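Heads up: the structure comes next, in structure tokens.
We're numbering straight along the sequence, starting at 1. What you see is a predicted model, and the numbers here were worked out from it, not measured in a lab. Keep in mind that the numbers below use all heavy atoms, side chains included, and drop hydrogens, waters and symmetry copies.
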Amino acid sequence: MHRSRINGLLIDCKTEDIDAAARFWAEALGRPVDPDHPGSRGHYRMLATPPDELSVQIQRVAHESRVHKI
């Protein structure tokens with residue numbers, strides 16, 4: 001039987017300031033922004049991920065904000 005597992009969340013933010021959005025979500029979720037993570041580039045910011053927990057990535061978008069499970 002196939003078993004799927006959610007391994008992360010991608011939070012879309014309709015914003016001009018992705019760093020401010022990342023700081024907001026970092027504060028809300030109790031995780032610091034990880035600027036050295038390879039996923040923190042361009043319109044994306046990664047939050048620090050403790051072992052065995054879901055990764056969280058913040059993405060700047062032009063459409064309305066939403067959350068994706070990845």
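For D19, the side chain to side chain donor-acceptor pair (under 3.5 Å) criterion is met by R45, not counting sequence neighbours. Annotation: side chain to side chain donor-acceptor pair (under 3.5 Å) contacts of R31 (sequence neighbours excluded): E53. Take E64 and apply the side chain to side chain donor-acceptor pair (under 3.5 Å) test, not counting sequence neighbours, and it matches K14. In this structure, the side-chain contact (heavy atoms from CB on, under 4.5 Å) partners of H37, at least two apart in sequence or on a different chain, are D34, S40, M46.
Between L54 and T49, every side-chain heavy-atom pair lies at or beyond the 4.5 Å cut-off.
A donor-acceptor pair is defined here as one N or O able to donate and one able to accept, closer than 3.5 Å; no such pair exists between the side chain of R23 and the backbone of A21.
Under a hydrophobic-cluster definition in which Ile, Leu, Val, Met, Phe, Trp and Tyr are linked whenever side-chain heavy atoms come within less than 4.5 Å, directly or via other members, I11 and V61 are assigned to different clusters. Follow the hydrophobic side-chain contacts under 4.5 Å out from V56 and you reach I18 in the same cluster.
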Q. Going through the checks in order, is the side-chain contact (heavy atoms from CB on, under 4.5 Å) test met by C13 and I58?
A. CA-CA 7 Å; C13 295; I58 314 304; 3.7 Å; yes
(Q) What verdict does the side chain to side chain donor-acceptor pair (under 3.5 Å) test give for Y44 and Q59, after you've listed the backbone C-alpha separation in whole Å, the side-chain angles of each residue and the deciding distance to 0.1 Å? (A) CA-CA 5 Å; Y44 301 90; Q59 174 181 222; 2.9 Å; yes
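When all heavy atoms of A26 and L47 are compared, the closest pair comes out as CB-CD2, 3.9 Å.
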